[in-house]
Amino acid sequence: MRALSLHLAVLALLLALHFVLPAYHHANLARIMVLAVFAMGYNIAFGYTGLLSLGHALFLSAGMFGAGLLIQHFGLTAAPALLIGTLAGAAMAALTGLLALRTAGVSLMIVTLMFAQAGYLTLLYFGAVTGGDEGFPVPAAGRVAFGLNLAAEGPRYLVALGLFALALMGNLALVRSRFGRVMVAMRENEERSRMLGYNPFAVKLGVMVLSGLYAGAAGAFYGVMFGYVGATFATIPYSILPLLYVLLGGAGVTLGPLLGAVLMFYLIDLASSHTTAQLAVTGGALLVLVLFAPKGILGSLRERGLASWLP
Amino acid sequence: MAAVLALSAVGLSLTFGVMRVVNVAHGEFFMLGAVLAWVVVQAVPSAPLGFVAALILCPLVVGAVAALADTAILKRLNYDPEATIVATIGISYILQQGALSFFGPDARAVEAPFSLRLQFPWFGYSGYKLFVVIAAGLVLLAVWLFMTRSRAGLVMRATQVDRNTARAFGINVDRVYAGTFALGAALAAVAAVLIVPIQQAHYLMGHDPLLLSFIVVIIGGLGSIRGTLIAALLIGLSDGIISMFFTPTLAKIVATLAVALVLVFRPQGLFGARA
């Protein structure tokens, strides 16, 4: 009950911010919410199930290019393109998972990293269609869904909030369900859960697909909402980004990705207005987190018993 | 190219083999070596002397940086595999930023210490490239002798087999780890100094060698130096051959996917003794 009201309160706060925020932060927050959906997908795999993937940029870009290419080359409208893009993320995750989940731990990281890199290179290889490194702007006609112009500030924020709300509540329902508990069991002790009769491969594959669904949705919406699709979103830094958000906010906490995304986004924003050393800030943040707060902010709170009811 | 690749890959293989640490910052140590080589060559007026100085100084400096990173960061994580990967990603970002801030975003060329051209009747061959192959071969031989014949190598292999037993026999495991990490990084730096006259020093140059080294190490079997060498030759040569028939991008795609599949279906590598 407490958890549910907290989540609803966060959503209400985000809605209230729509009316009061100045334009600059308003636009930032819309971006952050979509990125937080991406990180939430990552959290489902890494935080809850313990699958440390370094290839989520592949799923993000599958969603982004899935939606973007359909609009660009087939003249689809935004709504079906977004749906297909989201599913493309899930399909890509299923494909990756089928192969990569035969490995675990460090090998899983390297294999997912390699797949993502191969995906990025493929995007470059078909540069004539995908625009390669330069990418392409999404045509204005393809950015209208159900009469809402996603290129405009107001509707964009509300659509981002809608997506975020759906993702957050879905995430909450997931971790409270039976399947959610099995996920955590996989993280804590895979052999024991196998002994109890669960099939680790099937569970992990399911998790991967869900995670890819989130990432695909984030990619598709990001591309359509901000009007740009490019291969940079398939590079390694975009696989590390959600890891960073989740580690900062708290792995295995539903609200962790949002908190991590907000803090990290503004940390980098702040740093880049003072120095040009954004890379060092990212690297430093990773080091500090891994050394002093491996559970992240909300995770540490929960561990100290201050908020042990956080899901 | 294959020779330099082998050097850098052996460094990575060494850190993984002995410490069970996947060092994502390895490519950045490579980059650091190349960038420092440029700095040293600029500082020393006469060309061949500067190159020799770089060849000696750069591995030492890079090794020191690596040892520092090991004791300051990795040791505190107890070498937990997943935490160290995240940490080395962090280190690699910081090294990149450091190079960008102090070195600048431009690619800088270093002149080869000599420009001898061997002229065979049917083709010409750059003398420097031949020198690189020989030098890399010598360094690899030295590493192999060090690992199999010397006391320090014995200690390192003992630590690799069983960390706790080694500790019980009075081996300072922390120092072995710091030394291994430094040695691995130093090998990357040697490779980088050797290649700088052929390629150019650039703050993002660590990316390709990292992936290639990964490929080599995985195909050769993690921690197996012999396998790493064979794989490096294989990849170094086949890279050239594939690139002749396909475009480089397609060659990279094929290589990357092939390696991922090797890791999926044969996790011990093609030459590795055990998983």
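Just so we're on the same page: letters track the sequence lines, and every chain starts at 1.
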CD (E28(B)) and OH (Y93(B)) are apart, to the nearest 0.5 Å, by 10.0 Å
Whatever's closer than 4.5 Å to a heavy atom in chain B on L101(A) counts as neither
In terms of heavy-atom contacts, T254(A) and Y48(A) come closest through N-OH, 3.1 Å
Heaviest contributor of heavy-atom pairs below 4.5 Å to chain B, chosen from L247(A), L287(A), I236(A), L52(A), is L287(A)
(message) Quick check on the 6.0 Å ring-centre criterion: do F29(B) and H26(B) meet it?
(response) no
So, the part of L108(A) with a heavy atom under 4.5 Å from chain B: the answer is neither
Under 4.5 Å to a heavy atom of chain B? For I240(A) that would be side chain
Bottom line for L244(A): the part with an atom under 4.5 Å from chain B's heavy atoms is neither
For G256(A) and L298(A), the nearest pair of non-hydrogen atoms, with its separation, is N-CD1, 3.6 Å
inquiry  = Please verify the inter-ring angle class for F65(A) with F136(A); under 30° counts as parallel, over 60° as perpendicular, anything in between as tilted.
reply    = perpendicular
